[in-house]
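Naming convention: chains lettered A, B, ... in sequence-line order (proteins, then strands); numbering from 1 in each chain.
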There are 2 protein chains.
Amino acid sequence: MTILFADDEDRDRGWLRNLLEENVKDHPLHEAHDGQEAVEMAIKIKPDLVFLDIKMPNLSGIKAAEQILEKLPSTGVIMLSNFSDEVYVRQLWKIVPPDGAFGYVLKNASNEQVVEACRAVLSGDCWIHPGIARVIQRTQNRATNLTSAEYEALVCISLGMTDHTIAKRLFLTEKAVQSRLKSLYAKLGIPGRGESNETEFNQRCRAVYLANKRGLINQQELDEWEAKLGAKAGA
Amino acid sequence: MTILFADDEDRDRGWLRNLLEENVKDHPLHEAHDGQEAVEMAIKIKPDLVFLDIKMPNLSGIKAAEQILEKLPSTGVIMLSNFSDEVYVRQLWKIVPPDGAFGYVLKNASNEQVVEACRAVLSGDCWIHPGIARVIQRTQNRATNLTSAEYEALVCISLGMTDHTIAKRLFLTEKAVQSRLKSLYAKLGIPGRGESNETEFNQRCRAVYLANKRGLINQQELDEWEAKLGAKAGA
DNA sequence: CAATTGTCCAGGGAAAACCCCAGAGGCGCC
DNA sequence: GGCGCCTCTGGGGTTTTCCCTGGACAATTG
């Protein structure tokens with residue numbers, strides 16, 4: 001029962017170490033300081049359980065988890081996050097094997113909750129922080145869950161692209177782009193021009209605002225997309 | 001030399017207490033758990049130094065600082081923040097008396113840095129975290145520093161309002177709104193339609209993206225504005 | 001005082017965003 | 001097979017946003 005945990009913040013790492021030493025005894029503990037290191041160490045020591053901070057330099061916790069699960073699918077993974085962002089839940093959902101055990105705990109969790117999550121995952125169960133229960137629900141709700149096409153469009157307008165630019169980048173017609181946007185607006189519940197007698201919105205900006213508010217996107221994610229799409233454009 | 005510190009997170013509060021006990025000896029320490037409590041305690045015990053987390057329930061650290069400085073202008077204030085958001089620096093700049101001592105430290109600061117900031121403020125100096133030096137610079141640069149009119153416009157489009165809606169809310173003509181937006185775009189360095197041969201942007205959304213990226217605005221701030229402006233609209 | 005800067009306002013024009021309608025192909029599911 | 005869902009497509013429209021030029025006023029600054 002080996003445990004690996006990765007976090008770039010000294011303070012959080014210390015907290016986690018103390019916590020695990022006291023409460024989950026007799027497990028060898030290993031520390032990593034970023035995502036890259038976590039992956040390398042995991043492959044070497046083949047831990048049963050991995051704690052990963054989401055926000056880490058070099059390699060995000062999500063991507064680290066992806067690589068680790070690729071090589072060692074039976075590893076238990078517990079994500080640590082400061083935020084209840086839906087983006088991450090989305091991504092995690094994709095990379096975790098259907099029968100895999102994983103946990104998602106927010107950093108403001110109590111010590112007991114972390115221990116609980118730890119025990120659950122070690123015994124093959126999942127543990128989801130109460131604070132993101134509703135987020136999980138939303139990702140499984142038909143009416144509000146975005147398709148990947150809609151999500152792509154959302155990212156693009158969030159970066160400030162025009163319909164025309166999006167069409168070029170994604171190899172679509174402008175009509176297709178507008179079609180995606182239309183259904184995106186509908187799913188986010190943004191009233192159209194005719195509807196809703198008083199409040200008038202610029203749907204494009206409103207969509208960005210709501211998406212941010214719901215944690216569908218966040219600045220870090222967008223910056224990565226910007227780098228990706230920008231590079232494609234330059235070529 | 002009394003010290004008061006306020007933070008809603010148990011973990012951070014414990015960290016701060018230990019740190020101060022060990023390094024800044026012989027000062028009575030007082031804890032508050034939110035902004036409101038911090039203000040009340042400050043008025044009672046009249047501390048020489050106050051640590052305030054920016055993100056707190058009931059009353060934000062900024063607002064708490066404002067109220068404390070109103071009653072006790074000679075209090076030294078050190079803000080603790082997770083982020084290097086320009087919004088907060090903007091706001092802090094306004095409420096701190098010109099000759100007041102204050103500090104701004106990010107939460108990922110080392111223990112030494114916190115002690116250093118503490119000592120500086122106690123002896124009447126300011127201490128600004130290295131990570132936000134450039135942000136401070138920008139707030140004082142003519143070409144990039146937004147006027148309050150431009151900032152208002154920025155907030156409004158970030159919330160997803162149309163020109164027309166903004167005009168109504170702010171009691172302006174649409175032309176005036178567009179005028180504000182135009183200079184906002186210019187200051188953010190967003191190329192217009194004709195310029196910049198290839199890259200085409202939807203300036204409105206692009207402005208929101210860049211403003212978020214630079215920390216001019218953030219979700220929490222926007223939510224507060226939304227509540228404020230929404231209420232005004234309902235009346 | 002003059003010069004600068006920020007703000008507001010105007011008209012007219014081009015482009016982008018959004019609206020409604022409808023249809024067709026692909027996909028998985030019962 | 002029939003059904004629903006997602007997606008792209010088309011035509012033909014309205015509204016909004018953005019552009020340009022230009023003027024007026026107040027406050028600040030040299």
Over all heavy atoms of both residues, which pair between W127(B) and A120(B) is shortest? Give the atoms and the distance, please.
-> CB-CB, 4.1 Å
Scan Q178(B) against the nucleic acid and name what it touches under 4.0 Å (heavy atoms): base, sugar-phosphate only, or nothing.
->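 Base, at least one base heavy atom under 4.0 Å.
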Mind checking T162(B) for me? I need base, sugar-phosphate or nothing, with any heavy atom below 4.0 Å counting as a touch.
->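 Sugar-phosphate, backbone atoms only, no base.
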Taking only side-chain nitrogens and oxygens of [X], does any of them come within less than 4.0 Å of OP1 or OP2 of [N]?
X       : N       : result
T173(B) : dC9(C)  : yes
T147(B) : dT7(C)  : yes
N202(B) : dT17(D) : no

Rounded distance in Å - [atom1] ([X]) to [atom2] ([N]):
X       : N       : atom1 : atom2 : result
I190(B) : dT17(D) : CD1   : C1'   : 14 Å
L184(A) : dC18(C) : CG    : P     : 10 Å
E174(B) : dT15(D) : CD    : P     : 13 Å
R206(B) : dC18(D) : CZ    : P     : 14 Å
F171(A) : dT7(D)  : CZ    : C1'   : 18 Å
F201(B) : dT17(D) : CZ    : C1'   : 17 Å
Q203(A) : dA17(C) : CD    : C1'   : 9 Å
M161(B) : dT16(D) : CE    : P     : 16 Å

Is the number of heavy atoms from other residues, nucleotides or ligands within 6.0 Å of NZ (K213(A)) greater than 12?
-> yes
Determine, step by step, whether E40(B) and Q36(B) satisfy the side-chain hydrogen bond (donor to acceptor under 3.5 Å, both in side chains) criterion, reporting the C-alpha distance in whole Å, the side-chain angles of both residues, the deciding distance to 0.1 Å, and the verdict.
-> CA-CA 6 Å; E40(B) 288 162 9; Q36(B) 190 59 48; 3.3 Å; yes
Select from Y185(A) and E150(B) the residue whose nearest nucleotide in DNA chain C is closer to the 5' end of that strand.
->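 Its nucleotide being nearer the 5' end, the pick is E150(B).
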Give the table of side-chain donor-acceptor pairs shorter than 3.5 Å for residues 61-69 of chain A, with sequence neighbours excluded, one pair per line with atom names and distance.
| residue | atom | partner | partner atom | Å |
| --- | --- | --- | --- | --- |
| K63(A) | NZ | E224(A) | OE1 | 3.3 |

Nucleotide nearest [X] (side chain, heavy atoms from C-beta), chosen from [options]:
X       : options                  : result
K182(B) : dT17(D), dC8(D), dT21(D) : dT21(D)
R180(A) : dT17(D), dT7(D), dC8(C)  : dT7(D)
E200(B) : dA16(C), dC9(C), dC18(C) : dA16(C)
A176(A) : dC8(D), dC18(C), dT7(D)  : dC8(D)
L172(B) : dC8(D), dT7(D), dC9(C)   : dC9(C)

Output the distance between atom CG (L4(A)) and atom CD1 (I43(A)), rounded to the nearest 0.5 Å.
-> 11.0 Å
Is a donor on one side and an acceptor on the other found under 3.5 Å between the side chain of T165(B) and the backbone of E200(A)?
->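 Answer holds: yes.
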N202(A) side chain vs C205(A) backbone, donor-acceptor pair below 3.5 Å | yes
Are E226(A) and R206(B) within salt-bridge range, i.e. N to O under 4.0 Å?
-> yes
Under 4.0 Å protein heavy-atom contacts per nucleotide of nucleotides 23-30 of chain C, with B for base, S for backbone only and - for none = --------
Can a donor-acceptor pair under 3.5 Å be found between the side-chain atoms of K175(B) and the base atoms of dG12(C)?
-> yes
